[in-house]
Amino acid sequence: NGRDLRVTRVGTHAVRVGSQTNLRDRLRTHGGGLSGGGNHRSSVFRLHVGTALISRDKMFYQYPDWGKGQNASAGVREDERPLEWLVSREIVNMRVATLSINDASSAHSDRSYIERNAIALLSTTGRAADPPSKYWLGRHARNESVRASGMWNAQYTGDSYDDRFLNVLHEYVLITTGKKPSSTNSLAPTGWWL
């Protein structure tokens, strides 16, 4: 109905060994910082929101270079500034919930396990459960996975989730809310990535 809350994006940070990215930096990259600017070439989330705005508002000729390449000239970036600002406005109006998962940077981290399985569970790809409202901006996104999944994610949207995931998620909710002490050991199943 357009008024109910639903999860439309799941993300994490530092899932590569040695990455120094922290949550605050990642949120700033997605949201565009205090200036309302931003760089969609640093955030696939921003890229998807921008393609949806371009499609919905018929701005194809105004932003022909949106999403092309990892770098752009100063002139192209200046021309894209109004759209970057609109993308920031969309993203900063979204609610954010975080989980406290303090583990080392790795593709096999508990953060990665939670991210992959949450996306797989929440995605509507191939299912009719909890579809987005007809007004959801993502219905206009260029990426088919975004449109089909009802989420601003493209990876893991068609995957099956691990049944053990909900128990691990529950443990991290208890840790995040202070009902349980933080764990120094991984809570995800051993070898879950295999």
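Position 1 is the first residue of the sequence, and the numbers go up from there. Note that the coordinates shown come from a computational prediction; the quantities given were computed from them, not determined experimentally.
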Mind checking what makes side chain to side chain donor-acceptor pair (under 3.5 Å) contact with Asp159, not counting sequence neighbours?
-> none

Using the test side chain to side chain donor-acceptor pair (under 3.5 Å), find all partners of Arg81 that sit at least two apart in sequence or belong to another chain.
-> Glu78

Sidechain-backbone polar pair: [X] side chain, [Y] backbone, donor-acceptor under 3.5 Å:
{"X": "Arg95", "Y": "Val7", "value": "no"}
{"X": "Arg26", "Y": "Thr12", "value": "no"}
{"X": "Ser149", "Y": "Ser123", "value": "no"}

Can you tell me if Arg111 and Ser106 form a side-chain donor-acceptor pair at under 3.5 Å?
-> no

Qualifying side-chain hydrogen bond (donor to acceptor under 3.5 Å, both in side chains) pairs, either residue in residues 160-170, two or more places apart = Tyr113-Asp162, Asp162-Arg164

Pairs meeting criterion side-chain hydrogen bond (donor to acceptor under 3.5 Å, both in side chains) with involvement of residues 181-190, two or more places apart | Asp110-Ser186

Under 4.0 Å between a Lys/Arg side-chain N and an Asp/Glu carboxylate O for Arg41 and Glu80?
-> yes

Test salt bridge (charged side-chain N to carboxylate O under 4.0 Å, His left out) applied to Asp25 - qualifying residues, sequence neighbours left out | Arg28

With a cut-off of 6.0 Å (strictly less than), are more than 12 heavy atoms of other residues, nucleotides or ligands near CG of Asn93?
-> yes

State yes or no: do Leu169 and Leu174 share one hydrophobic cluster built from I, L, V, M, F, W and Y residues joined by side-chain heavy-atom distances below 4.5 Å, directly or via other members?
-> no

Does any pair with a residue in residues 50-98 pass ring-ring contact (aromatic ring centres under 6.0 Å, His included), and if so which ones, sequence neighbours excluded?
-> His40-Trp66

Can the ring centres of His108 and Trp193 be said to be less than 6.0 Å apart?
-> yes

